[in-house]
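In what follows, a structure is listed as structure tokens, so that the remarks can point back to it.
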There are 2 protein chains.
Amino acid sequence: MNEKIATIEDVARHAGVSIATVSRALHKPDVVSETTREKVQTAIAATGYTANVMARNLRLNRSGMILLLVPDIGNPFFSAILSGIEKGASQAGYNVLIGDTQNDPEREATYAAYLRSNQADAMILLNGRLPAPLANAPANATPPVVIACERIPGCALPTVIIDNDEASFIATRHLTDFGHTRIAHVSGPSNNILTIDRVAGYRRALDAADIGFDPALVYRGDFSIDSGIAAGRALLGDAKTRPTAISCASDGMAIGVIVAAKEYGLRIPEDLSVVGFDDIPHAAAYDPPITTVRQPRRRLGEQAITLLLDRLGAKAPFTNTETGPAIIPTELIIRQSSGPCPKTRA
Amino acid sequence: MNEKIATIEDVARHAGVSIATVSRALHKPDVVSETTREKVQTAIAATGYTANVMARNLRLNRSGMILLLVPDIGNPFFSAILSGIEKGASQAGYNVLIGDTQNDPEREATYAAYLRSNQADAMILLNGRLPAPLANAPANATPPVVIACERIPGCALPTVIIDNDEASFIATRHLTDFGHTRIAHVSGPSNNILTIDRVAGYRRALDAADIGFDPALVYRGDFSIDSGIAAGRALLGDAKTRPTAISCASDGMAIGVIVAAKEYGLRIPEDLSVVGFDDIPHAAAYDPPITTVRQPRRRLGEQAITLLLDRLGAKAPFTNTETGPAIIPTELIIRQSSGPCPKTRA
DNA sequence: ATAAAAAATGAAAACGTTTACACAGGAGTC
DNA sequence: GACTCCTGTGTAAACGTTTTCATTTTTTAT
């Protein structure tokens with residue numbers, strides 16, 4: 001039973017027509033006569049023919065692949081985005097190829113070469129950095145690339161992001177509205193554009209409430225729960241200088257901060273208000289449920305693939321010079337981890 | 001600058017040799033003379049040549065792709081497994097293609113056809129079900145497929161799993177050891193093999209402690225936090241019949257159960273012990289930290305890709321008839337969500 | 001019935017590789 | 001100097017498609 005796999009030629013022979021006719025029967029049915037079309041159909045069924053995609057793609061000079069560069073596929077944050085991308089891509093007949101770069105520029109470059117070598121028709125970047133081969137390309141060249149998640153300053157490629165500055169502003173303002181004046185911020189890694197934007201929003205909210213900025217109240221984490229715990233211990237250790245509220249650049253870090261706060265016997269939100277960022281599923285189920293900025297990750301992915309497919313379909317250049325980046329709206333979800341500033345400290 | 005992309009022919013012309021020599025210079029360097037090899041190298045540099053992978057794969061009749069079928073890529077549970085697979089695959093020069101099946105048999109069949117159409121060299125199944133085209137294949141055919149995560153009864157394909165029965169047994173025994181006698185179980189969906197195995201382990205532990213099985217104490221969830229909350233409300237609503245301990249088939253459901261328990265004012269673990277399954281990162285950071293069965297998901301992925309690459313490399317048949325399924329060991333992680341049975345109810 | 005137009009089909013080129021085979025030339029052996 | 005053997009290279013076939021172009025067959029108009 002382990003015969004050679006059927007090719008278009010087998011079908012042609014079986015149906016008594018030429019291979020050209022078989023191909024046409026499949027892709028331009030209206031141009032071949034009713035009767036031959038049927039003959040071909042039965043021949044296909046009889047032989048169990050499946051077109052060799054490799055050969056087809058070679059001829060058509062495409063790959064049907066969309067390459068997705070992501071810093072760490074093990075990070076659940078990206079899987080929801082991925083889910084949105086995959087859905088749109090597969091509807092359009094594309095497959096999604098994951099490139100896990102581990103933040104390694106070399107791996108990024110390797111994957112970027114896929115575009116040249118015809119292994120991918122287009123690319124989506126979730127890692128906030130242009131791979132070297134692309135960065136060095138002339139400015140007028142527009143590779144089929146879309147940026148998502150983290151904007152790249154000075155890059156005119158189509159981009160879809162949330163307004164991190166504004167979202168962080170709103171989260172922090174939520175705390176100033178509650179009367180807090182001593183507000184800390186737990187940020188992401190310093191080389192990260194998200195960090196820069198969210199710190200900016202945090203500072204803007206302080207300004208708006210006439211609160212001075214204290215660098216000692218910004219702790220640099222890495223989005224993980226563990227770094228949140230470390231941040232909490234660092235910020236809350238000294239009861240004298242302790243803030244009454246903390247805005248965090250991720251829900252994971254918010255959870256970590258709360259873990260640390262409980263170590264010091266602090267009640268949330270009576271003694272300490274905490275807000276997170278992302279609205280991961282666990283934020284709502286935590287004790288207490290965490291006030292956070294909802295980031296529609298799935299929509300982000302959907303929008304990215306839409307941008308990409310639109311341009312690919314229309315053979316339009318990959319720029320966003322007319323429209324600027326697409327902004328996906330965020331939403332402040334108020335739960336029970338934030339509340340009024342304790343009277344004694346206001 | 002947007003010239004046609006360089007082909008092997010351009011390189012050959014530039015170096016003044018035949019295309020065969022160029023190809024050989026690249027893939028069998030020892031067979032071409034030092035001087036030509038250098039000429040070819042400079043020609044490649046000059047033209048910026050990158051081999052067209054599509055053409056190469058057509059000729060070699062391979063794709064360099066490993067297809068990964070996963071029920072829902074948006075589910076973080078799978079992303080860690082994926083991470084292990086991707087690592088091993090990319091070291092071996094393979095790419096990982098994600099097929100998000102959404103548990104849709106039709107999509108599964110579509111993806112399974114990738115094997116026939118040369119879009120993938122092999123496949124890893126995380127979804128616990130053989131796609132129809134494979135299931136119907138004759139028993140002696142061994143498609144290049146590896147099963148991970150959920151065993152498929154009666155299927156001789158290479159398989160890597162954890163011992164769900166035993167793991168669930170140990171988790172439940174942990175509770176009987178604490179003196180609990182009224183122990184509930186929150187399971188996964190009923191059509192799921194994981195559910196069957198874990199329920200079996202739960203019952204085995206009850207038997208071992210001479211505790212009768214009460215069907216009313218098994219609640220069917222779907223691994224999600226929400227279904228855990230529903231389970232908790234169903235099981236804990238009546239203070240008379242309430243269990244003193246609950247073993248859950250996922251950490252998410254354990255968290256949900258705890259959320260519900262707190263609604264009823266129950267203290268964990270003083271009034272109710274809860275154990276989870278998986279050891280997701282949030283389990284350790286929850287309040288209280290959750291006792292759970294650690295499932296090494298990344299190792300699971302690594303083992304799956306190893307099994308696959310071994311057979312692919314050795315051109316060995318894809319069976320596990322000699323060795324049986326590979327079992328990845330689990331570990332009971334004892335934290336603070338479980339404790340002795342309250343005196344009043346023992 | 002015939003010419004013209006339209007519809008359906010086939011032959012063959014092309015996509016960019018790898019590799020079996022043939023061949024040229026040089027080195028060694030007698 | 002003729003023979004073999006080796007080394008390095010080129011020619012051309014093959015992988016399985018799609019598509020242009022030419023050709024055959026059918027339909028329509030006169």
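Note that these values count all heavy atoms, side chains included, but never hydrogens, waters or copies made by symmetry. Proteins come first, then strands; the chains are lettered A, B, ... in the order of their sequence lines, and each starts at number 1.
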Please work out if A:I19 contacts a base, only the sugar-phosphate, or nothing of the nucleic acid, heavy-atom cut-off 4.0 Å. base
For the backbone of A:I19 and the side chain of A:S23, can you confirm whether one donor and one acceptor N or O come within less than 3.5 Å of each other? no
Of the nucleotides D:dT19, C:dT17, D:dG16, which has the atom closest to the A:R24 side chain? D:dT19
When rounded to whole Å, the CG to P distance for the pair A:D30 and C:dA8 reads 9 Å
Can you measure A:E34 atom CD to C:dA7 atom P for me and round it to whole angstrom units? 16 Å
Check whether A:Y94 forms a cation-pi arrangement with A:R62 (NZ or CZ under 6.0 Å from the six-membered ring centre, at most 45° off the ring normal). yes
Ignoring backbone atoms, test whether A:T36 places a side-chain nitrogen or oxygen under 4.0 Å from the OP1 or OP2 oxygen of C:dT9. yes
Rounded to whole angstrom units, what separation is found between the CD atom of B:E9 and the C1' atom of D:dG10? 14 Å
Tell me what A:N52 touches on the nucleic acid: a base, only sugar-phosphate, or nothing, going by heavy atoms under 4.0 Å. sugar-phosphate
Mind checking if A:V17 touches a base, just sugar-phosphate, or nothing, with heavy atoms under 4.0 Å? sugar-phosphate
Please check if any side-chain donor atom of A:S83 sits under 3.5 Å from a side-chain acceptor atom of A:R297, or the reverse. no
Regarding A:S63 and A:D121, is there a side-chain donor-to-acceptor distance under 3.5 Å anywhere? yes
NE2 of A:H27 versus P of D:dT20: gap in Å, rounded? 14 Å
Checking contacts here: which listed nucleotide (D:dG10, D:dT17, C:dT9) is nearest the side-chain heavy atoms of B:S18? D:dG10
Measure the CG-CG distance between A:L307 and A:N320 for me, rounded to the nearest 0.5 Å. 8.5 Å
What's the closest nucleotide to the B:S33 side chain, out of C:dT17, D:dT17, D:dG8? D:dG8
With the side chain of A:L58 defined as its heavy atoms from C-beta on, choose the nearest nucleotide among C:dT17, C:dC15, D:dG8. C:dC15
Between C:dT17 (C1') and B:N57 (CG): distance, integer Å: 10 Å
Atom CG of B:N118 to atom P of D:dC15: distance rounded to whole Å? 13 Å
First encountered from the 5' end of DNA chain D, between B:N61 and B:T21: B:T21
Can you tell me how far P of C:dA11 sits from CD1 of A:I8, to the nearest Å? 14 Å
Gap between atoms CD and P, on A:E38 and C:dA8 respectively (whole Å): 14 Å
Would you mind classifying the nucleic acid contact of A:S23 as base, sugar-phosphate or nothing, using non-hydrogen atoms under 4.0 angstrom? base
